[in-house]
Amino acid sequence: MKRLLILFSIAYGLILAGCSTLDEKPESFLVTEQFYQNESQAIASVTGLYRKLYESGQALYNSLFQIGVEMATDDYEAGPRARNAHVRAISGLTHDSSNDRMEQLWRQSYDGINASNIAIDKIALIEASKINEKIRTRLINEAKFLRAIHYFNLVRWFGPVPLVLHETTSLSPESLAVEKSSEADVYKQIIADLKDAENLPKIAEYGAADIGRATSGAAKSILSKVYLTQKDWDNAILKSKDVVDHEGYDLFEDFSDVFAVAKKNGKEHIFSAQFKGNAGFQGNSLASRSAPADVPGINGDYADALHVAGGLYESFSESDTRKAITFVTKITSPVNGQVYTLATPQFHKYYDESVVGSQSQSSKNLPIIRYAEVLLIYAEALNEKYGPTEQSYWAIDKVRQRAHISKLQDIVPALNQDQFRDAVFLERRKELVFEYQRWFDLARRGPTYYVNTLKAAGKTLAAPRHVHFPTPQRELNLNSKLKQHPDWVNY
């Protein structure tokens, strides 16, 4: 029997035939057997997979990361206007398995995985006469790339998770009840998917209509990060060096260009969440969530109170050009021309000057991975394998020089391995702030580091269990084969 895709979690990625660019919006739900009939439908279906990353104002890469993950770091805290109890719980590290943000992280990730699985399975079955074989292979590898991103997030958040690789075709309890796979098995699948995705075209091989799609460079870059997270230093070095040497990326000369609408998808951008406000598409909601609410004409949304915390602002030197791009302390009202001094520094990376009074329509992209991070991955992996080397200093100093701060090699040329590691993590904190990296960085350094860092920032309830999130209670109730993460039993 043909299954009408009436469930949002299954149908959302399917869009009308003929929608080929990443700017297109999903407009209808179709039967899977009717939809995957030709090349244009296959392209449309994979285009829909990208939008699952950032389609709504509280999608994974459109603020859910921020209020569901980054609040549990030293960089952010829930201020007095944070009215949502779940967000405040994450900020104060009192969250548990009933937290609705945990539910959304899990649900939206598996929604994206299921849609990717459908695309992978169905595109493989399209008649040869109705699709170019190179396009078929490319689309399947794009879907694998996106599936890998979802699983990479899940395994870092929750530890062992169910590994589902084919379409969910039945709503029976027997079909939906899936045991967790080991972290090792999940990582094995992530690596396999990304290795297939390494065969994707280079960015220069795509046409203008396909800007924003996954590329071979994006697959290699994410793969280097996977290896780094696993402490596989040899492969992290090899893969990040491959990107540095062969993929043609480079840093923008000016840090502000990383977030300039006119420079979107430029030489530093490897893979980004694509936003296009005021055009019937989705704006970057982080702009409104971090914009001031009390300045006439700005109309920011402090509902989740993304307050700067943990000495983050103070960690930047005055000469560091990233400081004025990342934060704002004064802002001019477009209504009365007055300059308002903010009570605390506010995040500013995604503030779009073209939509001053409607920041929810910000067209600034959010980098999921960019070249500066690959350089820092390279520096870190080299240090972990060999200690500080000429190349590890070169990589971190390339990032520092762009920020107009002194080269590390000039000011402390004889760091030991532990000191260099700390220098890399500090550079990651400053370079990548507000780009959904801090929690992952703290967690991968282990419970002791996480707890000590959070307590030093005033979050005194930090505990070893917080390097993972609890399996959502709703999922435990629905799936009898799921077990809570051992660290979260009885919490």
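Along the sequence shown, residues carry numbers from 1.
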Just by distance, do the side chain of [X] and the backbone of [Y] share a donor-acceptor pair under 3.5 Å?
| X | Y | value |
| --- | --- | --- |
| Trp106 | Glu475 | no |
| Thr47 | Ile43 | yes |
| Asn365 | Ser272 | no |
| Tyr206 | Ala214 | yes |
| Thr137 | Lys134 | no |
| Lys459 | Thr73 | yes |
| Asn299 | Ser358 | no |
| Lys364 | Tyr351 | yes |
| Lys239 | Ser221 | no |

Notebook entry, point to check: More than 12 heavy atoms of other residues, nucleotides or ligands under 6.0 Å from NZ of Lys202: is that the case?
Noted result: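 Atom NZ in Lys202 is packed in, count exceeds 12.
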
Notebook entry, point to check: Take atom CD in Glu133; do more than 12 heavy atoms of anything else shown fall under 6.0 Å from it?
Noted result: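 Correct, the count exceeds 12.
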
[X]-[Y] side chain donor-acceptor pair, cut-off 3.5 Å:
| X | Y | answer |
| --- | --- | --- |
| Gln437 | Lys225 | yes |
| Ser40 | Asn38 | yes |
| Asn235 | Asp232 | yes |

Please confirm whether [X] and [Y] have ring centers closer than 6.0 angstrom.
| X | Y | value |
| --- | --- | --- |
| Phe152 | Trp157 | no |
| Phe145 | Phe271 | yes |
| Phe434 | Tyr350 | yes |
| Tyr61 | Tyr54 | no |
| His466 | Trp439 | no |
| His95 | Phe469 | yes |
| Tyr151 | Tyr187 | no |

Note to self: Run the side-chain hydrogen bond (donor to acceptor under 3.5 Å, both in side chains) test on Asp193 and Gln189 for me, step by step, so that the C-alpha distance in whole Å, both residues' side-chain angles and the decisive distance to 0.1 Å come before the verdict.
What the structure shows: CA-CA 6 Å; Asp193 279 350; Gln189 184 61 48; 3.0 Å; yes

Checklist line | Note: Glu435-Arg370 ion pair, threshold 4.0 Å (strictly below) | finding: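 So Glu435 pairs with Arg370 through a salt bridge.
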
Note to self: Under 4.0 Å between a side-chain nitrogen and a carboxylate oxygen: does that hold for Arg429 and Asp74?
What the structure shows: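 Salt bridge between Arg429 and Asp74, a charged N being under 4.0 Å from a carboxylate O: yes.
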
Notebook entry, point to check: Which distance, rounded to the nearest 0.5 Å, do you find between the NE2 of His86 and the OG of Ser91?
Noted result: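 Going from NE2 on His86 over to OG on Ser91, the span is 14.5 Å.
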
Notebook entry, point to check: What's the shortest heavy-atom distance between Ala236 and Tyr227, and which atoms?
Noted result: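 Closest heavy-atom pair between Ala236 and Tyr227: N-CB, 3.6 Å.
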
